[in-house]
Protein chains: 2
Amino acid sequence: MPNIKQIAEAAGVSVTTVSRVLNGHPYVSSAKREAVEEAIRRLNYSRNMNAVHLIKGMTQTIGVILPNINHYYFARIMEGVAKQALKNNYQLMLCQTGYRPNEERKVLEMLRNKQMDGLIICSRALSLRDIEVFADYGPIALCERVSGRNLSSVYIDHYASFQTAIRYLWEKGKRRIAFTIYRRNSPSSRSRLKAYTDTLAALGGQAREDWVLDGYLDWEDGAALVDRLLAMNERPDALLITGDQVAAGFILSARLHGIEVPGDFAVIGFDNQPISSLLGITTIDNRLSEIGERAFSIVHAQISGGEGHPVSEELSFQFIERSSV
Amino acid sequence: MPNIKQIAEAAGVSVTTVSRVLNGHPYVSSAKREAVEEAIRRLNYSRNMNAVHLIKGMTQTIGVILPNINHYYFARIMEGVAKQALKNNYQLMLCQTGYRPNEERKVLEMLRNKQMDGLIICSRALSLRDIEVFADYGPIALCERVSGRNLSSVYIDHYASFQTAIRYLWEKGKRRIAFTIYRRNSPSSRSRLKAYTDTLAALGGQAREDWVLDGYLDWEDGAALVDRLLAMNERPDALLITGDQVAAGFILSARLHGIEVPGDFAVIGFDNQPISSLLGITTIDNRLSEIGERAFSIVHAQISGGEGHPVSEELSFQFIERSSV
DNA sequence: CTGTTAGCGCATTCAT
DNA sequence: ATGAATGCGCTAACAG
């Protein structure tokens with residue numbers, strides 16, 4: 001592969017002039033411009049972007065941390081991020097770290113290394129304190145509510161969405177409400193647990209610790225939920241299921257057991273996945289794609305606009321009433 | 001951010017020595033090694049990887065081209081790729097190009113640019129001829145059958161899998177077999193169409209052009225398929241549906257219309273997605289995650305092992321009999 | 001409008 | 001075991 005110097009020689013100009021046409025700068029006579037373009041074509045030249053990255057101190061790349069790309073929640077966020085990245089001519093580093101703190105640290109280190117200009121964290125194992133340290137090296141946005149830190153944030157109000165869902169169930173006459181989550185200590189789970197407790201207390205209902213069901217992430221977990229409920233002495237009459245694929249797994253498995261939704265259990269799902277529409281699951285649209293798009297745009301704006309303060313942006317969820325309650 | 005020279009000064013050694021401890025080389029006295037490590041810690045030094053990439057002519061990054069990450073098929077392949085990337089300490093550039101030739105070209109250009117050391121193409125719009133040109137700049141693997149070119153390939157024999165499915169339907173007494181695909185001119189669709197024609201001809205059945213249904217990619221497409229079938233004068237009695245989410249969309253929508261599977265239409269899906277298990281869909285496991293893993297490993301081996309010839313690797317599909325036929 | 005020159009930060013001969 | 005010097009390929013003052 002030839003370099004810029006060889007192109008300069010071949011075209012009979014200086015490297016500066018080559019660099020200028022490469023970067024579309026003005027002040028190049030069309031004669032020289034054409035000579036350079038001809039040399040580039042003839043020698044099959046292509047710029048070595050690593051040299052550009054070195055000298056500019058930037059890579060036009062942002063990283064995305066997520067536990068697993070093969071899950072609707074993350075793939076949908078990523079889709080939104082990628083859409084904006086394409087539009088803004090940015091590259092994406094996909095970092096599937098499986099909630100392993102050390103892998104997350106390696107990615108943060110890449111920000112420091114200048115392999116990426118900014119970072120989006122869809123979900124995390126590390127503490128905010130550990131993450132914030134790296135904000136000195138480039139803008140970081142999280143897909144969760146964060147405040148009082150040098151970190152940007154795009155989020156849905158999970159507390160309010162849970163409150164909405166619980167009140168809806170209550171109005172429909174449900175008094176025995178349980179809910180499922182994946183990780184008990186995730187930020188969203190904490191908000192939801194608090195909403196569960198607060199809202200039922202306000203309504204005069206009962207928030208039961210043994211009705212907080214964790215470890216539910218995917219289709220098969222939803223299917224397994226049926227057995228767990230059947231084994232209970234005291235069964236709930238309504239379920240909030242955080243993730244429509246879990247809700248779908250539950251509903252489809254329930255049918256096989258002769259259990260009816262909403263008859264035996266009312267169900268509210270989350271994310272408004274395509275499957276929820278097909279099964280008539282009442283759900284809450286968390287606007288995942290837009291979260292991804294906004295996260296990208298915020299990070300991108302901070303990279304371009306010379307930093308500025310971190311941004312916090314709340315997107316409003318949407319309650320979608322169908323027929324599972 | 002300090003650079004290697006400042007660390008050298010702070011530690012009272014030369015930059016060479018710093019570089020040596022950075023890269024874990026031998027022949028450094030422990031006294032100097034510790035001095036360097038201390039200086040690194042004290043000045044909060046981090047290597048600028050762009051300089052390393054420039055001088056080494058490599059980036060420890062491979063790119064992945066796919067049309068859309070928010071689809072089971074691609075997310076599952078990507079999961080496999082990412083698993084191996086993590087294990088081998090490689091970075092992944094996710095390039096969601098939406099079947100736009102120009103975007104695919106930009107990614108190929110990045111290979112030439114030395115922004116990535118190799119490339120995996122999950123699905124494509126460009127011709128093999130256009131792609132092959134770039135194999136001079138780094139190993140490229142496609143997730144489809146390719147031969148006689150300077151390109152590696154990991155694939156399932158779609159011809160054989162279709163043949164298997166059609167014969168199975170035939171044995172079950174089905175004589176009016178239709179099938180759905182997404183893109184009519186994709187390589188896999190061509191194989192499938194040929195298998196459809198050949199196999200039915202061999203069995204003495206009828207391959208009908210109007211029973212080749214294209215444009216079916218996702219859940220809602222499956223749901224829409226119901227209407228399309230109902231509008232037909234002559235209806236098939238069996239469907240091969242390439243993608244379990246499409247099959248699921250069809251089955252769930254069919255139920256709402258009082259149509260029975262397998263009673264009115266037998267269905268065979270593809271990919272062995274979790275939903276197929278929940279709905280009892282007979283399907284063909286295309287081993288997507290392993291395709292991703294193998295694609296990564298092949299590209300990685302070629303990068304490390306100084307090229308060598310392109311590799312072609314066929315993975316065997318698995319027919320999974322359930323209750324939709 | 002054009003060219004000379006000086007780095008960007010690092011790895012790596014080649015001496016010693 | 002260590003260091004001086006060279007260069008990876010490019011951009012951007014600066015000087016004309």
Side-chain angles (χ1 to χ4, degrees), chain A residues 1-40 43-61 109-117 137-138, chain B residues 1-40 43-61 109-117 137-138:
Chain A
M1 289 278 285
N3 59 26
I4 200 176
K5 196 169 167 189
Q6 293 164 351
I7 298 301
E9 282 170 14
V13 300
S14 73
V15 293
T16 308
T17 301
V18 178
S19 178
R20 284 200 179 103
V21 338
L22 246 30
N23 293 287
H25 286 188
Y27 302 128
V28 180
S29 70
S30 51
K32 298 216 168 187
R33 163 164 283 119
E34 276 157 31
V36 169
E37 282 165 351
E38 191 276 331
I40 286 175
L43 301 186
N44 190 26
Y45 169 78
S46 172
R47 200 162 26 169
N48 184 327
M49 289 306 290
N50 292 320
V52 177
H53 294 163
L54 171 60
I55 201 167
K56 296 231 174 188
M58 306 196 68
T59 54
Q60 300 264 104
T61 299
E109 200 57 47
M110 290 172 65
L111 187 59
R112 202 156 161 250
N113 279 340
K114 296 193 170 302
Q115 296 200 68
M116 40 183 71
D117 303 339
Y137 309 114
Chain B
M1 289 279 284
N3 59 26
I4 201 177
K5 197 170 166 189
Q6 292 163 341
I7 299 302
E9 282 169 14
V13 300
S14 73
V15 293
T16 310
T17 301
V18 176
S19 179
R20 285 199 178 104
V21 337
L22 245 30
N23 294 287
H25 286 189
Y27 302 127
V28 179
S29 69
S30 52
K32 297 215 169 187
R33 162 163 285 120
E34 275 157 31
V36 169
E37 283 165 351
E38 190 276 332
I40 287 175
L43 300 188
N44 190 24
Y45 169 78
S46 172
R47 202 163 23 173
N48 183 328
M49 290 307 291
N50 291 320
V52 178
H53 294 163
L54 171 59
I55 203 167
K56 295 229 176 190
M58 305 195 69
T59 54
Q60 300 266 102
T61 299
E109 200 57 47
M110 289 170 66
L111 187 59
R112 202 158 162 247
N113 278 340
K114 297 196 169 300
Q115 297 199 69
M116 40 182 72
D117 302 339
Y137 310 114

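Here is the naming used below: chain letters follow the sequence lines, and residue numbers restart at 1 for every chain.
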Student: Working to the nearest 0.5 angstrom, can you tell me the gap between B/H53 NE2 and B/Q60 CD?
Tutor: 7.0 Å
Student: Quick one: A/H25 NE2 to D/dC10 P, roughly how many Å, whole number?
Tutor: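 Those two atoms, NE2 and P, are 15 Å apart.
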Student: Round to the nearest Å and state the distance from A/L22 atom CG to D/dT11 atom P.
Tutor: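 In whole Å, D/dT11 P lies 6 Å from A/L22 CG.
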Student: What nucleotide, of C/dC1, C/dA11, D/dA4, holds the atom closest to the side chain of B/S14?
Tutor: D/dA4
Student: Reckon B/N48 has a side-chain N or O less than 4.0 Å from the OP1 or OP2 of C/dG9?
Tutor: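 No, B/N48 has no side-chain N/O under 4.0 Å of OP1/OP2 on C/dG9.
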Student: So, the side chain of A/N23 versus the backbone of A/H25: is there a donor-acceptor pair under 3.5 Å, distance only?
Tutor: no
Student: Does A/R112 reach the side chain of B/N44, with side-chain heavy atoms less than 4.5 Å apart?
Tutor: yes
Student: Examine the base of D/dA4 for any acceptor or donor lying under 3.5 Å from a partner atom in the side chain of B/T16, and report the outcome as yes or no.
Tutor: yes
Student: Is the phosphate of C/dG3 approached by A/Y27 (side-chain N or O, under 4.0 Å from OP1 or OP2)?
Tutor: no
Student: Which one, C/dG9, C/dT2, D/dT11, comes nearest to the side chain of A/T17?
Tutor: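 Nearest to the side chain of A/T17 among the choices is C/dT2.
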Student: Find the distance A/K56:NZ to C/dG9:P and express it as a whole number of Å.
Tutor: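 Rounded to whole Å, this separation is 15 Å.
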Student: How is B/R47 classified with respect to the nucleic acid when contacts are heavy atoms under 4.0 Å: base, sugar-phosphate, or nothing?
Tutor: sugar-phosphate
Student: Could you tell me how far apart A/M58 (CE) and D/dC10 (C1') are, to the nearest whole angstrom?
Tutor: 17 Å
Student: Between D/dC8 atom C1' and A/Q6 atom CD, what is the distance in whole Å?
Tutor: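 Computing the A/Q6:CD to D/dC8:C1' distance gives 13 Å.
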Student: Quick check: on DNA chain D, is the nucleotide nearest B/V13 upstream (toward 5') of the one nearest A/V15, or the reverse? Name the residue that is more 5'.
Tutor: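 On the 5' side of the pair lies B/V13.
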Student: Do A/Y45 and A/Q6 have side chains that get closer than 4.5 Å, going by heavy atoms?
Tutor: no
Student: B/I7 CD1 to C/dC10 P: how many Å, rounded?
Tutor: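 My rounded result for the distance is 9 Å.
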Student: Base, sugar-phosphate, or nothing: which does B/K32 touch, judged by heavy atoms less than 4.0 Å apart?
Tutor: sugar-phosphate
Student: Mind checking A/N23 for me? I need base, sugar-phosphate or nothing, with any heavy atom below 4.0 Å counting as a touch.
Tutor: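 Since only primed, P, OP1 and OP2 atoms lie under 4.0 Å of A/N23, the category is sugar-phosphate.
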Student: Measure from CD1 on A/I55 to P on D/dC10 and round the result to the nearest Å.
Tutor: 10 Å
Student: How close or far is atom P of D/dG3 from atom CD of B/E9, stated in whole angstroms?
Tutor: 13 Å
Student: To the nearest 0.5 Å, what is the distance between CD (A/E37) and CG (A/L22)?
Tutor: 10.0 Å
Student: Counting the atoms with a prime plus P, OP1 and OP2 as sugar-phosphate, which does B/S19 contact under 4.0 Å by heavy atoms, base, sugar-phosphate, or nothing?
Tutor: base
Student: Under 4.0 Å, counting only non-hydrogen atoms across every strand here, what does A/V28 touch: a base, just sugar-phosphate, or nothing?
Tutor: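 If one applies the 4.0 Å heavy-atom cut-off, A/V28 turns out to touch the sugar-phosphate alone, with no base involved.
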Student: Determine the sole option in B/L54, B/T59, B/N50, B/N113 for which the side chain to side chain contact (heavy atoms under 4.5 Å, CB included) test with A/M49 is passed.
Tutor: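 Checked B/L54, B/T59, B/N50, B/N113 against A/M49; only one passes side chain to side chain contact (heavy atoms under 4.5 Å, CB included): B/N113.
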Student: Please tell me which of the listed nucleotides, D/dG9, D/dT11, C/dA11, lies nearest to the side chain of B/L54?
Tutor: D/dG9
Student: Among C/dC1, C/dG7, C/dG9, which is the nearest nucleotide to the side chain of A/S29?
Tutor: C/dC1
Student: Using heavy atoms to find the nearest nucleotide of DNA chain D for A/R20 and A/P2 separately, return the residue whose nucleotide is more 5′.
Tutor: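 The residue mapped nearer the 5' terminus is A/P2.
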